Structure formats: C-alpha cells, structure tokens
Protein chains: 2
Amino acid sequence: MENLIYSLVKKGAHEKFVRTNTVELASECGMSQQTASRKLIELENNKLIERKIDRHGQSVRLTQKALEGLRDVYRNLRPVFETAAKKITIEGKVFSGLGEGGYYVGMPGYKKQFIQKLGFDPYPGTLNVKLETERDIEAKAQIESLPAVRIEGFSDAKRTYGGANCYNATVNGVDAAVLVIERTHHPADVVEVISSHFLRKRLRLNDGSTVRILLKNE
Amino acid sequence: MENLIYSLVKKGAHEKFVRTNTVELASECGMSQQTASRKLIELENNKLIERKIDRHGQSVRLTQKALEGLRDVYRNLRPVFETAAKKITIEGKVFSGLGEGGYYVGMPGYKKQFIQKLGFDPYPGTLNVKLETERDIEAKAQIESLPAVRIEGFSDAKRTYGGANCYNATVNGVDAAVLVIERTHHPADVVEVISSHFLRKRLRLNDGSTVRILLKNE
DNA sequence: ATTACTATGTTTCGAGTAA
DNA sequence: TTTACTCGAAACATAGTAA
C-alpha cells in the first residue's frame with residue numbers, strides 16, 4: 001500500500017501526473033495487477049492520489065494530503081540521518097495575535113515553571129511570527145527534534161490547561177524561547193516566542209517587521 | 001508493521017535500547033496489544049530489531065538492517081522535500097582499483113556513447129575515490145536525485161555489458177563525470193570518475209590524495 | 001491493450017487466556 | 001503486571017474474466 005506511494009514518488013508523481021499502468025506498478029511493488037488496481041482505487045477514495053484513466057493506462061499524481069503524510073515520515077527520519085547538529089534559523093514577520101497568549105503565559109501555574117525551567121520570568125505576552133517561506137516552515141518542523149524544555153499542564157477549579165514544549169532561542173540576538181503549545185493544532189506557519197523582555201519594545205518591532213529566530217543547540 | 005518501526009524511531013530506538021511495552025506500542029500504532037506483540041516477534045525474526053524482554057516490559061533497539069531500510073525511504077523522500085537545488089560536494093581519497101574500469105571505458109560500445117552524450121572522449125581509466133565520512137557517503141547517495149546522462153548497455157558475441165548513469169561534475173576544478181554503474185552492487189563509499197584528462201597526471205594525484213568532486217546542477 | 005469486478009483462497013487481526 | 005499462544009472472524013490478495 002504505502003509501497004505503491006513510494007513507487008509513485010520515484011516516478012515523480014509528487015510534482016506532476018505520471019503515466020503508468022497497473023501491471024507496471026504491480027511488478028515494482030511485488031503484488032498482482034489486481035491488487036495494484038484495487039489499491040489505486042483505495043488511494044483515490046482516500047484522496048491520496050488523482051487519476052486520469054484511459055484504455056492505454058493511466059496518469060497518476062499524488063495529492064497534497066499524500067505529501068503531508070510523506071512529509072511526516074520525512075520529518076521523523078531526518079533527525080536520524082542528519083546527525084550533524086545544525087543551527088536552525090527561522091525567519092518570519094511579526095503579527096498581532098488575539099493577545100490571549102499573554103494571559104496564559106502570566107498564569108501562576110505556567111509562570112512558575114518558566115522561571116524554574118527556562119530561567120527567566122516571561123513578559124506576559126507572546127510574540128507571534130508568521131513564516132513566509134517553505135524553508136522556514138520546514139525549519140520550524142525541525143525544532144521538535146531538538147531537546148525540549150517541558151512545561152506541564154495543570155488544572156484549576158474551572159478547567160484544564162495543556163502542556164507545552166519550549167526551545168531556547170534568540171530573536172534578533174535577544175534571549176527568548178520558542179513556545180510550542182501541546183494539542184492545539186497550531187498553524188504550521190506560525191511561531192510563538194516568549195522572552196523576559198517585551199520584545200516589540202526592546203527590538204523596536206511593529207507588525208510586519210522581520211525577525212530572525214536562532215535556535216540554541218544545547 | 002512499518003508503523004511500529006516509526007514509533008520506535010520516535011523513541012530513539014535507532015541509537016539506543018529504549019524501554020517500552022506492547023500495550024504502549026499498540027496504542028501508539030492503533031493496533032491491539034496482541035498484534036504489537038506478534039509484530040515485534042516478526043521484526044525480531046527478520047533481524048530488524050533486538051530485544052531484551054523481562055516481566056516488566058522490554059528494551060528494543062533497531063538493527064543496522066532496519067536503519068538501512070529507513071535510509072532508503074529517507075533518500076527517496078529527500079529530493080521531494082529538499083526542493084532547493086543545492087550543490088552536491090563529495091570529498092574523498094584517491095585509491096587504486098583493479099584497473100578494469102579503464103578496459104570498460106575504452107570499449108567502443110561505451111566510448112561512442114560517452115563522446116555523444118557527455119561531449120568528451122574519456123581517458124581509458126577511472127579515478128577511484130574512497131569516501132571517508134558519513135556526510136560524503138550521504139552526498140553520494142544524493143547524486144541519484146540529479147538528472148543523469150544515461151549510458152545504455154549492449155551485447156557482443158561473448159557477453160552482455162550493463163548500463164550506467166553519468167553525472168557531470170568537476171574534480172578539483174577539472175571537468176569530469178561521476179560514473180554509477182548499473183546493477184553491480186558497488187560499495188557505498190566509493191565513487192568512480194571519468195574524464196577526458198588523465199586526472200592522476202593532470203591533478204598530480206597519488207593514492208591517498210584528497211579530491212573534491214563538485215556535481216553540476218544542470 | 002487496458003481497468004477492475006467477482007469469487008475464492010490466504011493472511012492478518014484481536015478476544016480470550018495461559019504463563 | 002508483563003508477553004504471547006490459540007482460534008474464530010475480519011481483512012486482504014489473487015485467479016479468472018468482463019468490459
């Protein structure tokens with residue numbers, strides 16, 4: 001099954017429609033023609049491929065959904081084989097969130113942990129950075145391969161507050177930490193940063209200012 | 001199945017024994033405890049993992065064989081997501097092969113194709129380069145994602161001669177081509193280079209000399 | 001040539017449970 | 001608690017074909 005997708009990747013189906021047929025795919029994947037046919041149908045039903053079928057074969061292309069799945073695999077494998085501890089740099093533009101980040105960061109349940117584990121008392125607000133290039137989004141995904149500072153969730157009488165992972169970094173040279181909140185399915189192109197400083201003031205940032213986040217490797 | 005290996009990778013089983021149990025792995029992979037147990041046995045029988053089992057769980061580590069399989073996947077996926085056309089550089093040390101490379105390169109059936117497709121008449125010999133670092137071996141594997149100059153195989157009365165792929169490059173600045181012979185399961189840490197020049201003389205190389213191969217991107 | 005349906009055979013799964 | 005066996009059920013693969 002997955003096998004079939006890898007065969008399609010080898011043919012370049014991640015960037016264009018590629019011409020093939022069920023007999024060819026079957027032999028490449030070590031399965032029968034009938035199975036290849038059925039699996040192509042399944043992949044199509046699961047919106048993992050698009051097809052144009054005619055009586056001489058078919059053209060197949062991977063969907064964005066399939067690429068996302070492959071990207072997950074890639075992200076898991078990269079830290080295994082890219083041993084060198086490279087410096088991760090992320091560039092993006094400052095934008096205004098809803099201001100709710102500051103509320104959470106200031107809560108005693110979190111604040112105590114920040115002071116203890118990150119070694120600084122965070123300014124009660126987060127700097128929202130929007131990533132503009134695929135390269136930066138990739139770099140953000142790589143962050144998770146770094147050693148994290150774990151912030152535990154907790155509960156009060158009203159509700160439960162989720163955990164988070166922090167990664168020491170600098171923003172335009174100023175000490176800070178990237179905050180990756182657990183469970184909330186955050187957009188992939190946004191990074192939240194906390195710091196002991198009010199970064200907008202300290203770095204004279206406005207909405208649209210470009211900042212460079214440099215992750216600390218150990 | 002594969003799923004289980006990815007779970008183990010996430011736990012770091014590619015670099016050390018990691019402690020886990022069948023219930024935990026099952027829930028991570030969306031399968032029953034029984035299936036996880038059975039699959040671990042299969043993985044062990046297939047020499048993809050090593051285990052130390054006790055009554056409180058088990059320690060699991062991936063074998064080299066499993067890592068090789070994952071590396072294949074990684075190599076397939078990298079060109080998909082590493083879009084930027086990076087320059088591939090390989091460094092290694094010159095060594096003497098058996099001299100058979102020269103015999104083949106000089107055969108009319110190949111020579112004609114080199115002249116036509118690579119645009120030069122190759123010196124009848126190959127420069128063997130031994131790669132010394134993991135980084136260089138990785139870089140060599142990446143070559144295959146570049147556009148290849150295809151050299152077809154052929155037959156004469158006696159036998160069949162296999163095909164090859166060539167990749168335009170420079171060796172210490174001199175035009176050349178990396179030769180990847182088909183089918184022969186070449187060692188991963190050796191690169192063969194052909195050129196119109198006798199590179200050993202032209203570049204004053206001896207066994208053990210370090211050379212830098214720069215692949216041409218288009 | 002193709003793709004892909006049906007029917008049948010094979011493999012895989014997981015509940016129950018032993019050790 | 002574990003791991004992992006047995007066995008009936010569910011999922012999957014392929015031969016034979018139709019279109």
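Sequence lines set the chain letters: A, B, ... in the order given, protein chains first and strands last, and positions in each chain run from 1. Predicted, not measured: the structure shown is a model, and the values here were computed from it.
Atom P of nucleotide dG14(C) and atom CG of L25(B) are separated by 14 Å, given to the nearest angstrom. The CG atom of L40(A) sits 15 Å away from the C1' atom of dC5(C) (whole-angstrom rounding). Per the geometry, CG belonging to L4(B) stands 14 Å off C1' belonging to dT3(D), to the nearest Å. Here the P atom of nucleotide dA11(D) and the CE atom of M31(A) are 19 Å apart, to the nearest Å. Atom CD1 of I41(A) and atom P of dT6(C) are 11 Å apart (whole Å). One interatomic measurement links the two molecules: CD of E24(B) to P of dT3(D), which rounds to 10 Å at whole-angstrom precision. Summarising the geometry, the separation between CG on L43(A) and P on dA4(C) is reported as 12 Å, rounded to the nearest angstrom. Regarding E42(A), its CD atom lies at a distance of 11 Å from the C1' atom of dA13(D), rounded to whole Å.
Neither OP1 nor OP2 of dT2(C) sits under 4.0 Å from any side-chain N or O of Q58(A). Under 4.0 angstrom from either OP1 or OP2 of dT3(C) there lies no side-chain N or O belonging to S37(A). Considering only side-chain N and O atoms, R38(B) lies under 4.0 angstrom from the phosphate OP1 or OP2 of dC13(C). Phosphate proximity of dT3(D) to T22(B): present, with a side-chain N or O under 4.0 Å from OP1 or OP2. Look at S32(A) and you'll find a side-chain N or O under 4.0 angstrom from OP1 or OP2 of dT14(D). An OP1 or OP2 oxygen of dA13(D) is reached within less than 4.0 angstrom by a side-chain nitrogen or oxygen of K39(A). Taking only side-chain nitrogens and oxygens, R51(A) comes nearer than 4.0 Å to OP1 or OP2 of dA4(C).
With a 6.0 Å radius and a threshold of 12 heavy atoms from other residues, nucleotides or ligands, K112(B) has its NZ atom at or below the threshold. The number of heavy-atom neighbours closer than 6.0 Å to OH of Y103(A), taken from other residues, nucleotides and ligands shown, is 12 or below.
Where H56(A) and T35(B) each meet DNA chain C at their nearest nucleotide, the meeting point lying more 5' is that of H56(A).
At a threshold of 4.0 angstrom between heavy atoms, the contacts of Q33(A) include nucleobase atoms, whether or not backbone atoms are also involved.
Taking a cutoff of 4.0 Å between a charged side-chain nitrogen and a carboxylate oxygen, E24(B) and R19(B) do not qualify as a salt bridge. Look at K11(A) and E28(A) and you find a salt bridge, because one of the NZ, NE, NH1 or NH2 atoms lies within 4.0 Å of a carboxylate O, short of that distance. With respect to the salt-bridge test (charged N to carboxylate O, under 4.0 angstrom), the residues K39(A) and E44(A) do not qualify.
Side chain of Q34(B), nearest nucleotide from dT3(D), dT17(C), dT2(C): dT17(C).
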